[in-house]
Structure formats: structure tokens, C-alpha cells
Amino acid sequence: MYSVTRDIHFCYGHRLMNYQGKCQHPHGHNGKAQIELETPKLDARGMVVDFGDIKAALQTWIDTNLDHRMILRKDDPMVQFLKDTGEPFFLMDENPTAEAIAKVLYDQAKKCGLPVTEVRLWETEQSCAAYRGK
């Protein structure tokens, strides 16, 4: 199998509902998504996928939907305040944990037609979560 990995950096805020600890409060991260793509055969150019194609598809989506936004669970009471003040946000059905955000990115990569096998989301330089396809 051949594989390539593209790192995409973005900033986001979030908080976790039904959680006891520092992450129950709004806070931010300088995150790094690592998108791993894999295929058994290279394309006509000798590539898994051109890095520029990954950037055009996925980084554009991240920049538009997640970068410099609060990522919140859809029933978070903070959502109404953000709406009222015109602040940007992104809603999820579940808590916006690193694991759940990694899955959102994985699903988006699939929608873009990329042969994604795993997405790792680094919340800090020491901590990451991953979502891997079946």
C-alpha cells in the first residue's frame, strides 16, 4: 500500500458538556489535523493523491467551517449567545472532543472522494486522538 499524509493547522474553541474538569469551560486550541490517505495503486501521475488536491478539498472546508470558530454540541446553551452576537460556530450532535472532531474530518474527506484511512487531531503537541475507517 502507498500512503501520504497532509497536516492541516487550524485554531478553534470548544467546551465539553456533562464533563467535570477544565474542559467544561470555553477554551481554545491550535490544532493540527493529520489526514492519512492510502491506496494500493498509484494514479497516472505516480501519486496516491496530489497534496494540492488534499489542500483544495479539505483545507478549504476546514478554513470555512472550523477555523477560528467555536465548536459546540448542538444543545449547548452557549449557542444562542453566539447567534445573538454574530459569532461564528460549528455545531455537532455529540461533544466536540478531539475524537469526535477527528471523525468529522474523516467523514468530510470521504465526502470529497479522498481515500482517507485515518485522521489524527492534535489538540496540543503532546495529545492527539484518531479516527480510523473500517
Asker: Is there a side chain to side chain contact (heavy atoms under 4.5 Å, CB included) between Glu118 and Gln34? Walk through the geometry before answering.
Answerer: CA-CA 8 Å; Glu118 182 175 281; Gln34 291 182 311; over 6 Å; no
Asker: Under 4.5 Å between side-chain heavy atoms, counting indirect links through other Ile/Leu/Val/Met/Phe/Trp/Tyr residues: same cluster for Val119 and Phe51 or not?
Answerer: yes
Asker: Taking atom NZ of Lys110 as the centre, does the number of heavy atoms from other residues, nucleotides or ligands within less than 6.0 Å exceed 12?
Answerer: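 For Lys110, atom NZ is crowded (more than 12 foreign heavy atoms under 6.0 Å).
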Asker: Compare all side-chain heavy atoms of Met92 with those of Ile71 and state whether any distance is below 4.5 angstrom.
Answerer: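 A side-chain contact exists here, since the closest heavy-atom pair is under 4.5 Å.
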Asker: Are the side chains of Met78 and Met70 in touch, meaning some heavy atoms are under 4.5 Å apart?
Answerer: yes
Asker: Assigning hydrophobic clusters by single linkage (Ile, Leu, Val, Met, Phe, Trp, Tyr; side-chain heavy-atom cutoff under 4.5 Å), is Ile62 placed with Val116?
Answerer: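 Yes.
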Asker: When you check the gap from the basic side-chain N to the acidic O, do Arg73 and Asp93 get nearer than 4.0 Å?
Answerer: no
Asker: So, do Leu105 and Trp61 sit near enough that their side-chain heavy atoms are less than 4.5 Å apart?
Answerer: yes
Asker: Using atom types as modelled and distance alone, determine if a side-chain donor or acceptor of Ser127 lies under 3.5 Å from a backbone N or O of Glu123.
Answerer: no
Asker: Checking side chain to side chain contact (heavy atoms under 4.5 Å, CB included) against Val49, which of Leu114, Leu42, Ile35 comes through?
Answerer: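 One option only clears the test, and that one is Leu114.
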Asker: Salt bridge or not between Lys103 and Asp107? Use side-chain N to carboxylate O under 4.0 Å.
Answerer: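 Yes, this pair counts.
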Asker: What distance do Leu16 atom CG and Glu94 atom CD have between them, rounded to the nearest 0.5 Å?
Answerer: 11.5 Å
Asker: Is the shortest side-chain heavy-atom distance between Leu121 and Phe10 below 4.5 Å?
Answerer: yes
Asker: If I take atom CG from residue Leu66 and atom CD1 from residue Ile8, how far apart are they, to the nearest 0.5 angstrom?
Answerer: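 That separation rounds to 10.5 Å.
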Asker: Quick test of your reading of the model: are Arg45 and Asp53 salt-bridged, counting only N-O distances below 4.0 Å?
Answerer: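 Here Arg45 pairs with Asp53 in a salt bridge, since their nearest N and O are under 4.0 Å apart.
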Asker: Examine the side chains of Thr117 and Glu36 and answer whether a donor and an acceptor come within less than 3.5 Å of each other.
Answerer: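 Their side chains do contain a donor-acceptor pair, which is all the 3.5 Å distance test asks for.
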Asker: Taking the side chain as every heavy atom from C-beta outward, state whether Val104 and Phe90 have any pair of such atoms under 4.5 Å apart.
Answerer: yes
Asker: What distance do Tyr131 atom OH and Glu99 atom CD have between them, rounded to the nearest 0.5 Å?
Answerer: 12.5 Å
Asker: Less than 6.0 angstrom separating the ring centers of Tyr12 and His68, yes or no?
Answerer: no
Asker: Any chance you could lay out the side chain to side chain contact (heavy atoms under 4.5 Å, CB included) test for Phe89 and Arg69, step after step, and finish with the verdict?
Answerer: CA-CA 5 Å; Phe89 58 89; Arg69 296 195 178 329; 5.5 Å; no
Asker: Applying side chain to side chain contact (heavy atoms under 4.5 Å, CB included) between His27 and each of Gln24, His29, His25, report the one that passes.
Answerer: His29
Asker: Taking atom SG of Cys128 and atom NZ of Lys32, what is their separation to the nearest 0.5 Å?
Answerer: 8.5 Å
Asker: Mind checking the NE2-CD spacing from His9 to Gln59? Nearest 0.5 Å is all I need.
Answerer: 9.0 Å
Asker: What pair of heavy atoms forms the shortest contact from Ala129 to Ala102, and how long is it?
Answerer: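 So the two residues come closest at O-CB, 4.3 Å.
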Asker: Locate the shortest heavy-atom distance separating Arg15 from Pro96; write the atom from each residue and the value.
Answerer: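 Heavy-atom minimum between the residues: O-CG, 3.4 Å.
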Asker: Would you call Lys41 and Tyr2 a side-chain contact if the rule is heavy atoms closer than 4.5 Å?
Answerer: no
Asker: Find out whether Leu72 and Leu82 are in side-chain contact, i.e. whether some heavy atom of one side chain is under 4.5 Å from a heavy atom of the other.
Answerer: yes
Asker: Output the distance between atom NE2 (His14) and atom CD1 (Ile101), rounded to the nearest 0.5 Å.
Answerer: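 One gets 6.0 Å once the value is rounded to the nearest 0.5 Å.
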Asker: Mind running side chain to side chain contact (heavy atoms under 4.5 Å, CB included) on Asp67 and Cys11 for me, showing each step along the way?
Answerer: CA-CA 5 Å; Asp67 189 43; Cys11 300; 4.0 Å; yes
Asker: Tell me, do Thr5 and Asp7 make a side-chain contact under 4.5 Å, heavy atoms counted?
Answerer: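 A side-chain contact under 4.5 Å exists here.
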Asker: Let me check something: do Phe81 and Val79 share a hydrophobic cluster, defined by ILVMFWY side-chain heavy atoms less than 4.5 Å apart, either directly or through other members?
Answerer: yes
